[in-house]
Amino acid sequence: MSGVLVWVSCGPKENINSLVGFAGRSSSGERNQRRFSGLSFASGVSAFSTAVAGDPSRSSEERVYDVVLKQAALVKENKRGSNIGVDFEKEVGADFTNGDLLNVAYDRCGEVCSEYAKTFYLGTQLMTSERRKAIWAIYVWCRRTDELVDGPNSSHITPGALDRWEQRLTDVFEGRPYDMYDAALSHTVSKYPVDIQPFKDMVEGMRMDLRKSRYENFDELYLYCYYVAGTVGLMSVPVMGIAPDSKASTECIYNAALALGIANQLTNILRDVGEDARRGRVYLPQDELAKAGLSDDDIFRGKVTEKWRKFMKGQIKRARMFFDEAEKGVAELNSASRWPVWASLLLYRQILDSIEANDYNNFTKRAYVGKAKKLLSLPLAYGLSFLGP
């Protein structure tokens, strides 16, 4: 259950075969033949940061924070709050220009975003054209990555396929896109201080989904949540931008972005307990279940008891703590980028409310936010977006 998001949930995992027909590339020669012909971009990418999975003696939060510091440093190198333009007139190949080709590529990304993340897509309309298109490109890459393990062809995905997808990612960052969606991302990462490490870490989260269906403690679960969701906040901040009048440290803003990803993923996990159990998966800390007098068998039986209610109250409290941490950073973003983030935060908080309203029955009842509540949340999120640092 890899709930990929771009500061917002992707929602139900619909069938989008057209986005994931890429798993069979292996040799470098074949990769070059599959490139998006005529495009070449400077990568603008620093050396890869140390893999999160490094020193096992350190906690997951400590290892993840190393990545946060790296991403924050990249943004500091670019003047905080500056407007990063995109040159659509620059010639990039004998047969194409950015104006002719890249606009089409970005528009395709926008179409995917509008179909599968309608609320988020609406929120991006307030952003500048350049930032909006870049966020769409990141969204599409995240969705394609998620579909590898949660999509219609997931049963055929192997570790080798993920290795090829990661190599393809490297090619994209080095200016060798394979298709139009890749081209949009390749152009985005050449223009913004976006590092490859969070993208590589998301692929690692997909690997984890292939080999792991239990988490011994919250430290293990935290790392998984970072891989599949917290990474997206780190990808997005450089594009969304930081408010020119923000006095907060860049690290603090990145931590808030990370916290929102963690909060949203924890919410996904709590919402989908029954659905995951039917797939033989339990994304809840085993030691905390045992401490509550519960086990996997209780989850598979799907009966709401007082023990389960008490356990769920603690899990929901933790998720809300991460939402509280996330709130500290939203106002520090560029003003045009706040609306979709506030919408995500408010809507996902309400999923936790819905679990409570269902008497903690997340076995057979799916917690969701109704259309009326969503519509009411949008103007509130819009109003909050005017609150600056």
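Along the sequence shown, residues carry numbers from 1.
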Can you see whether Tyr178 has Arg168 sitting over its ring - NZ or CZ less than 6.0 Å from the centre and within 45° of the normal?
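Geometry flag: set, cation within 6.0 Å and 45°.
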Would Arg271 pass as a cation-pi partner of Tyr368, given that its NZ or CZ must be under 6.0 Å from the six-membered ring centre and within 45 degrees of the axis?
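No cation-pi geometry.
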Check for a donor-acceptor pair, side chain of [X] on one end and backbone N or O of [Y] on the other, with a separation under 3.5 Å.
X: Ser60; Y: Asp219; answer: yes
X: Asp298; Y: Ser295; answer: yes
X: Glu62; Y: Ser59; answer: yes

Residue pair [X] / [Y], side-chain donor-acceptor N/O under 3.5 Å:
X: Glu288; Y: Gln315; result: yes
X: Gln197; Y: Asp201; result: yes
X: Asp287; Y: Tyr215; result: no
X: Asn255; Y: Lys328; result: no
X: Thr188; Y: Tyr106; result: yes
X: Asn268; Y: Tyr283; result: no

Nearest 0.5 Å, what's the CG-OG distance between Leu102 and Ser186?
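OG of Ser186 is found 9.0 Å from CG of Leu102.
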Taking side-chain contact (heavy atoms from CB on, under 4.5 Å) as the criterion, tell me which of Ile351, Leu346, Leu345 meets it with Tyr348.
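That would be Ile351.
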Carefully, step by step, assess Trp165 and Leu148 under the rule side-chain contact (heavy atoms from CB on, under 4.5 Å).
CA-CA 9 Å; Trp165 183 241; Leu148 285 171; 3.5 Å; yes
Decide, yes or no, whether a salt bridge links Arg366 with Glu275 under the criterion of side-chain N to carboxylate O below 4.0 Å.
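So Arg366 pairs with Glu275 through a salt bridge.
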Could you tell me which residues satisfy ring-ring contact (aromatic ring centres under 6.0 Å, His included) with Phe218, sequence neighbours excluded, listed by chain and number?
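Counting only residues at least two positions away or on another chain, Phe218 forms no ring-ring contact (aromatic ring centres under 6.0 Å, His included).
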Tell me if the [atom1] atom of [X] is crowded by more than 12 foreign heavy atoms within 6.0 Å.
X: Tyr382; atom1: OH; value: no
X: Arg108; atom1: CZ; value: no
X: Lys373; atom1: NZ; value: no

Do [X] and [Y] belong to the same hydrophobic cluster, where Ile, Leu, Val, Met, Phe, Trp and Tyr are linked whenever their side-chain heavy atoms lie under 4.5 Å apart, directly or via other members?
X: Tyr65; Y: Leu258; result: yes
X: Leu69; Y: Ile262; result: yes
X: Leu387; Y: Leu347; result: yes
X: Trp136; Y: Val232; result: no

Which heavy atom of Ala137 sits nearest to which heavy atom of Cys109, and what is that distance?
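Nearest heavy atoms, Ala137 then Cys109: CA-SG, 3.9 Å.
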What's the shortest heavy-atom distance between Ser385 and Arg338, and which atoms?
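Between these two residues, the closest heavy atoms are O-NH1, 3.0 Å.
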Side-chain heavy-atom pair Tyr192, Glu130 within 4.5 angstrom cut-off:
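Yes, close enough: below the 4.5 Å cut-off.
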